[in-house]
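Please read the structure below before turning to the comments.
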Amino acid sequence: MEIAEFVKENIKKAVNDIYNMHVDDILVEHPDKEMWGDFSTNISLKISKLVNQSPMEIANKLCYKLRGYELTEVFEEVYYVQPGFINFRLSKEWLQNVPLLVNTGLNDYGKGEIGEGKRIALEHSNVNPNKATHIGHLRNACVGQFVERVYEFLGYNVEVQYYSNDLGVQVATSMMGVEKIKDIHSKDYEKYDHYAWDIYSRMETLLNNNADLALEREDLLKKLEDPNHPISKKQKKLAFKILVENLKTFQDLGFDYDVVVNESDIVNLKLWEKTFEMLKNNDNIYLAKDGVSKGCWLVKLSANKNSIDKTGDNYHEEDKIIVRSNGVPNYTGKDIAYHMWKFGLLGIDFNYVKLDTGTQTKQLWITSYLPQNVNENITFTGVDIVFDVIDVKQTYAIEAVKTSLAYLGFKDQSTNMKHINYGFVYLSRETAGELGIDISDNKDKYGMSGRKGWGIKIDDFIKMVDKKLLDNYGATDSLRIVRNGAIKFEMLKYNTFQDLVFDLKGSLDIKGYSGPYVQYTFARTNSLLEKSQGYLEKMFNMNKKLLINSNLNEKELSLLRWIYRFPEIVKKSASEFAPNALCEFLFELCHRFNSFYNDEPILNAPSDKEKFLRLNMTKSVNVILRNGLFLLGIEAPSRM
RNA sequence: GCACCUGUAGCUCAGGGGAUAGAGCAGUUCCCUUCUAAGGAAAAGGUCGCAGGUUCGAUUCCUGCCAGGUGCGCCA
């Protein structure tokens with residue numbers, strides 16, 4: 001049992017013993033200050049009115065009772081203070097045992113089994129295959145990889161899906177651009193997707209100024225719905241070429257996927273048709289007979305909303321369109337079909353082909369509508385849980401998908417579908433200016449836009465970070481590892497749900513609260529352990545009782561008080577989809593270790609007792625940092 | 001119009017019904033003949049947007065304002 005739960009159970013028992021009363025919502029937390037112990041509860045303040053006694057009086061009685069229970073092995077002190085908090089201080093022996101347990105469990109510290117092998121389909125990255133990836137996509141991928149790893153760590157079976165929209169307007173635009181814009185050439189670009197980046201924004205500009213071209217694109221989009229049309233094959237080829245380039249960028253940063261799902265295959269394999277048959281027969285999905293959405297199919301969402309403005313230009317349809325009046329489903333429509341497939345509700349599966357980009361570490365598959373000769377029994381349908389890492393702006397569209405599943409009677413699936421929304425990535429005013437974006441309107445942040453060609457390509461950002469590291473520290477073996485650590489930590493250290501204002505200068509200023517700081521601390525622990533020449537292993541068979549140190553100093557205690565919290569932080573960051581909580585924990589751990597390292601000799605500790613304890617703590621920090629960084633998608637360099 | 005998000009130190013952000021509101025950066029000081037200075041230590045920096053309400057207690061919850069952002073497209 002986790003220690004906080006253990007405390008709660010005991011408080012429950014004490015309250016019951018004294019007041020003959022059941023309390024369920026007991027708050028047990030780590031107090032802000034160490035002088036208030038390791039755990040504290042406000043229970044006396046909470047029940048004061050109920051039992052008609054002063055909080056201090058209650059706290060006094062509870063403490064007396066608690067001290068009579070078998071808490072003493074864990075806590076050396078249970079006491080209360082004004083205005084009635086009860087504080088628990090962990091015993092030094094218990095604290096010292098944690099590193100021993102960490103090091104006995106080898107590299108599994110923090111792992112859990114709560115997932116029970118349940119399958120999760122995790123969708124992230126999802127770049128439209130018509131241009132280069134930019135730092136907005138980067139945030140998506142970083143959050144996605146964190147979720148992948150932390151849920152795997154807790155015993156789930158996570159399958160990472162990369163949804164490739166190879167049918168949309170964007171790809172059609174890029175294809176028109178490739179045909180029509182002849183003064184720039186792919187061979188002049190380092191990567192094909194960089195060429196496509198320029199083509200796309202140039203073509204958008206052309207389309208905005210020419211109505212005929214816009215009509216041409218409409219026509220093209222219709223043709224693309226037919227997989228057998230020659231133009232369709234051509235587009236698929238272009239989208240694939242760009243997809244592979246995008247994947248190379250992601251894989252340079254260590255992102256891996258299990259399967260790429262092509263939007264075109266959702267249409268070609270009639271996943272949509274089958275879904276639409278079910279939707280059509282549902283009362284909550286209807287065909288608009290008149291109004292602005294005449295001829296479209298819509299999902300009712302109005303039940304949740306209060307009112308709408310139906311006047312003039314401000315008219316907004318509150319229900320969500322899923323099929324256009326020309327009969328073609330839009331993104332949301334296809335997304336419903338996609339999710340029906342994820343949960344295995346259609347009885348149809350894709351065919352799969354191996355996709356070798358040359359840089360993935362695990363086997364990658366891509367869907368196909370054509371039958372394949374694959375020996376392996378591979379499938380990605382029929383999962384228990386669905387996580388979608390999609391930006392906050394799409395909350396409404398995803399609600400429509402969730403609601404549709406519920407309308408069709410798939411209530412559990414609807415509940416088990418979680419939108420992991422993350423805030424949009426903006427460019428700071430300064431950075432936008434450097435990219436040549438017009439900043440005369442004096443805003444403090446600027447949205448990126450593929451259509452306008454505004455944004456920082458991930459590949460370019462990687463190069464800038466590399467250069468910065470090279471300038472500062474010279475060429476080292478760990479350059480790529482440190483660069484990836486810097487980039488990913490930067491993307492994950494902020495609250496995921498909030499917008500992020502990306503400033504190039506700031507993000508290249510790598511010090512303090514950063515990935516390399518954590519990596520550096522890891523390298524430090526590694527160096528110490530190497531120099532200890534197996535001291536821990538030699539001492540490990542000794543009677544631990546003889547090695548218990550009763551005079552722990554402040555720095556040792558401070559570090560020990562952080563080491564035991566790792567498992568609870570892992571669970572918290574997973575359940576709240578909060579990588580930043582883990583980032584902060586690791587940073588604080590490093591800070592405590594570095595402070596300890598600065599003040600106390602480890603290898604030259606004055607006694608065996610101290611050396612054993614200090615090296616054990618060093619080893620624990622080493623394990624936690626490696627595991628913690630891994631969850632963030634970051635490698636721990638043995639040397640820096 | 002309706003809905004959602006945000007407002008905390010000069011800047012970027014944590015936190016969150018309680019006990020003295022925390023970091024990093026920038027700026028001011030110290031510490032490498034000593035286990036990796038990509039480090040450590042010290043001082044300084046705040047009416048937690050404003051006004052009410054609920055509460056023993058509000059920066060945190062509720063309401064109303066003010067300011068910024070986003071969504072409600074036959075785009076994805």
Side-chain angles (χ1 to χ4, degrees), chain A residues 27 31-33 35-36 40 42 45-46 48-49 54-55 81-85 87 126 128 165 167-170 263 288 292-298 301 304-312 314-328 330-332 334-335 391-397 421 423-424 426 428 443-445 447 451 469 472-473 482 486 493-495 497-501 503 506 509-514 516-517 519-521 523-528 531-532 580-581 583-584 587-588 590-591 594-605 618 639-640:
Chain A
L27 180 73
D32 292 342
K33 311 276 181 207
M35 60 181 281
W36 297 324
S40 77
N42 64 354
L45 295 138
K46 283 288 169 209
S48 168
K49 240 180 195 167
S54 80
V81 291
Q82 283 284 4
F85 290 103
N87 297 332
N126 295 5
N128 286 333
N165 185 354
L167 260 194
V169 179
Q170 289 91 337
E263 174 162 312
V292 286
S293 308
K294 186 177 175 182
C296 297
W297 284 84
L298 294 94
L301 291 175
N304 316 323
K305 312 283 175 186
N306 298 324
S307 67
I308 51 165
D309 174 17
K310 295 203 172 190
T311 55
N314 283 330
Y315 181 82
H316 294 302
E317 180 62 70
E318 58 185 321
D319 294 337
K320 178 70 188 163
I321 292 169
I322 55 169
V323 183
R324 303 169 187 135
S325 57
N326 65 3
V328 178
N330 65 7
Y331 166 80
T332 305
K334 288 173 202 164
D335 214 29
D391 80 73
V392 65
K393 292 183 180 181
Q394 297 186 44
T395 305
Y396 174 75
N421 63 330
F424 212 65
Y426 292 87
S428 71
K443 292 200 282 191
D444 28 308
K445 60 180 185 182
R451 273 181 299 188
L469 290 171
N472 286 7
Y473 307 105
V482 175
K493 74 182 189 185
Y494 302 105
N495 188 333
F497 307 104
Q498 286 177 33
D499 290 341
L500 190 154
V501 179
D503 182 72
D509 196 16
I510 302 156
K511 48 181 142 176
Y513 184 30
S514 70
Y517 173 86
Q519 290 176 312
Y520 178 78
T521 309
R524 214 175 218 186
T525 61
N526 224 48
S527 165
L528 282 165
K531 287 189 174 154
S532 74
N580 59 316
C583 288
E584 268 169 51
F587 175 71
E588 179 65 22
C590 289
H591 185 67
N594 285 325
S595 178
F596 157 73
Y597 173 92
N598 229 263
D599 284 11
E600 311 292 343
I602 296 167
L603 294 172
N604 300 314
T618 304
R639 205 169 291 283
M640 268 172 82

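Lettering follows sequence order; numbering is per chain, from 1. Since the structure is predicted, the reported quantities are computational estimates derived from the model, not experimental observations. These numbers come from the heavy atoms of this one structure, side chains and all, not from hydrogens, waters or symmetry mates.
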Could you tell me whether [X] contacts a base, only the sugar-phosphate backbone, or nothing, with contacts defined as non-hydrogen atoms closer than 4.0 Å?
| X | answer |
| --- | --- |
| A/Lys493 | nothing |
| A/Asn526 | nothing |
| A/Asp444 | nothing |
| A/Phe424 | nothing |
| A/Gln519 | nothing |
| A/Pro55 | nothing |
| A/Val482 | base |

Please give the nucleotide sitting opposite [N] as a Watson-Crick or G-U wobble pair, both distances under 3.5 Å, or none.
| N | result |
| --- | --- |
| B/G7 | B/C66 |
| B/A26 | none |
| B/C2 | B/G71 |

Note to self: For A/Lys531 and A/Val81, find the nucleotide of RNA chain B closest to each by heavy atoms; which residue's nucleotide sits nearer the 5' end?
What the structure shows: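 That would be A/Val81.
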For RNA chain B, whose closest nucleotide is more 5', that of A/Tyr513 or that of A/Asn326?
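It is A/Tyr513, whose closest nucleotide lies nearer the 5' terminus.
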Problem - Stacking of A/Tyr520 on B/G39 base (centres under 5.5 Å, planes under 30°) - result: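 Answer is no, no stack.
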Compare the minimum distances between each of [options] and the side chain of [X], then state the nucleotide with the smallest one.
| X | options | answer |
| --- | --- | --- |
| A/Pro516 | B/A19, B/C35, B/A38 | B/A38 |
| A/Met35 | B/G69, B/U20, B/A14 | B/U20 |
| A/Ser527 | B/U36, B/C74, B/G69 | B/U36 |
| A/Lys49 | B/G40, B/U55, B/U36 | B/U55 |
| A/Asp599 | B/A38, B/G40, B/C74 | B/G40 |

Side-chain N or O of [X] less than 4.0 angstrom from OP1 or OP2 on [N]?
| X | N | value |
| --- | --- | --- |
| A/Tyr494 | B/G15 | no |
| A/Lys33 | B/G22 | yes |
| A/Ser595 | B/A41 | yes |
| A/His591 | B/A23 | no |

If I take atom [atom1] in residue [X] and atom [atom2] in nucleotide [N], what distance separates them, rounded to the nearest angstrom?
| X | N | atom1 | atom2 | result |
| --- | --- | --- | --- | --- |
| A/Gln498 | B/G68 | CD | P | 18 Å |
| A/Tyr517 | B/U36 | OH | C1' | 13 Å |
| A/Lys393 | B/G73 | NZ | C1' | 14 Å |
| A/Tyr396 | B/A3 | OH | P | 15 Å |
| A/Arg524 | B/G40 | CZ | P | 7 Å |
| A/Phe587 | B/C25 | CZ | P | 7 Å |
| A/Met640 | B/U36 | CE | P | 14 Å |
| A/Asp335 | B/C75 | CG | P | 16 Å |

Q | Anti/syn call for B/C32, syn if |chi| within 90° | A |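 Because its glycosidic torsion lies within 90° of 0, B/C32 adopts the syn conformation.
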Under the side chain to side chain contact (heavy atoms under 4.5 Å, CB included) test, which residues partner [X], sequence neighbours left out?
| X | value |
| --- | --- |
| A/Arg451 | A/Tyr200, A/Glu204, A/Ser449 |
| A/Leu27 | A/Glu29, A/Asn42 |
| A/Glu588 | A/Trp562, A/Arg592 |

side-chain hydrogen bond (donor to acceptor under 3.5 Å, both in side chains) against A/Thr618, all qualifying residues, sequence neighbours excluded: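 For A/Thr618, no residue satisfies side-chain hydrogen bond (donor to acceptor under 3.5 Å, both in side chains) once neighbours in sequence are set aside.
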Determine the interatomic distance between C1' on B/U29 and the same-named atom on B/U36; round to the nearest Å.
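25 Å, rounded to whole Å.
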Contact string for nucleotides 26-32 of chain B, one letter per nucleotide 5' to 3', B = base within protein heavy-atom range under 4.0 Å, S = sugar-phosphate only, - = neither, reads S------
For this session: Confirm from the modelled atom types if A/Ser40 and B/A19 form a donor-acceptor pair under 3.5 Å, side chain to base only.
Result: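 Present.
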_Let me confirm one number: the CZ-OG1 distance from A/Phe587 to A/Thr521, rounded to the nearest 0.5 Å._
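It comes to 9.0 Å.
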**Study point:** Shortest non-hydrogen contact from A/Tyr331 toward A/Gln394
**Key:**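 Minimum heavy-atom separation between A/Tyr331 and A/Gln394: OH-OE1, 3.5 Å.
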Sequence-distant partners of A/Phe596, ring-ring contact (aromatic ring centres under 6.0 Å, His included), two or more places apart: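 In terms of ring-ring contact (aromatic ring centres under 6.0 Å, His included), with neighbours along the sequence ignored, A/Phe596 is linked to A/Phe593.
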Next item on the list: Answer yes or no: is there a side-chain heavy-atom contact under 4.5 Å between A/Ile321 and A/Thr332?
Entry: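 Side-chain contact under 4.5 Å: no.
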Checklist entry - Within 45° of the six-membered ring axis of A/Phe424 and under 6.0 Å from that ring's centre, is NZ or CZ of A/Lys393 located there? => result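 Judged by the rule, A/Lys393 and A/Phe424 form a cation-pi pair.
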